[in-house]
Amino acid sequence: FGKVLSDFDTIQSEIAEMRMQIDQARLLTLSAAHAMDMSEQVNGPGSKLSLQARQLIAMIKVVAPRVACEVIDKAIQVHGGLGV
């Protein structure tokens, strides 16, 4: 169409959405790591993790792969399958 891909509003929106999903997964990962650190500080190294830490770890195990697949799929769609 004679324009750079990033000049299209729809593409900009898709890229922004992908970035938000990645940042959400990253923040959840950091939150889980922080909860693990706090649990070890309170209970000592090698002790059982707190319920909050275990819940956050379980959530990130589901969220991160899902986000990765969605972002990869959208990126391929943005480039029209040229990267496949």
Side-chain angles (χ1 to χ4, degrees):
F1 299 111
K3 291 169 92 176
V4 179
L5 279 178
S6 61
D7 289 342
F8 292 99
D9 290 338
T10 307
I11 301 298
Q12 289 176 357
S13 177
E14 287 291 326
I15 292 171
E17 188 174 325
M18 288 187 285
R19 177 64 191 261
M20 287 188 313
Q21 288 178 308
I22 292 168
D23 284 348
Q24 288 170 348
R26 180 181 294 129
L27 289 173
L28 186 57
T29 302
L30 292 173
S31 181
H34 179 71
M36 287 176 63
D37 288 345
M38 291 296 105
S39 182
E40 284 187 356
Q41 283 183 2
V42 170
N43 300 326
S47 61
K48 287 183 80 175
L49 294 174
S50 67
L51 177 62
Q52 180 189 15
R54 287 182 285 154
Q55 288 173 337
L56 287 168
I57 292 166
M59 285 189 285
I60 198 61
K61 285 180 180 181
V62 173
V63 170
R66 185 179 298 160
V67 166
C69 288
E70 288 176 9
V71 168
I72 290 168
D73 183 53
K74 285 181 187 176
I76 290 171
Q77 289 178 20
V78 164
H79 290 283
L82 294 176
V84 178

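Just so it is clear, the structure is predicted and the values come from calculations on it, not from any experiment.
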Which side-chain N or O atoms in residues 51-66 pair as donor and acceptor under 3.5 Å with protein atoms at least two apart or in another chain?
from	atom 1	to	atom 2	distance (Å)
R54	NE	L49	O	3.3
R54	NE	S50	O	3.4

Notebook entry, point to check: Rounded to the nearest 0.5 Å, how far does CE of M18 lie from OG of S13?
Noted result: 9.5 Å
Margin query: If I compare all heavy atoms of S39 with all of K48, which pair ends up nearest, and what's the gap?
Written below: OG-O, 3.5 Å
Validation: residues 28-35 side-chain donor-acceptor distances under 3.5 Å, sequence neighbours left out:
from	atom 1	to	atom 2	distance (Å)
T29	OG1	A25	O	2.8

Checklist line | Donor-acceptor side-chain pairing of D73 and Q77 below 3.5 angstrom | finding: yes
Check: When I22 is tested against each of Q24, R26, M20 for side chain to side chain contact (heavy atoms under 4.5 Å, CB included), which residue passes?
Finding: R26
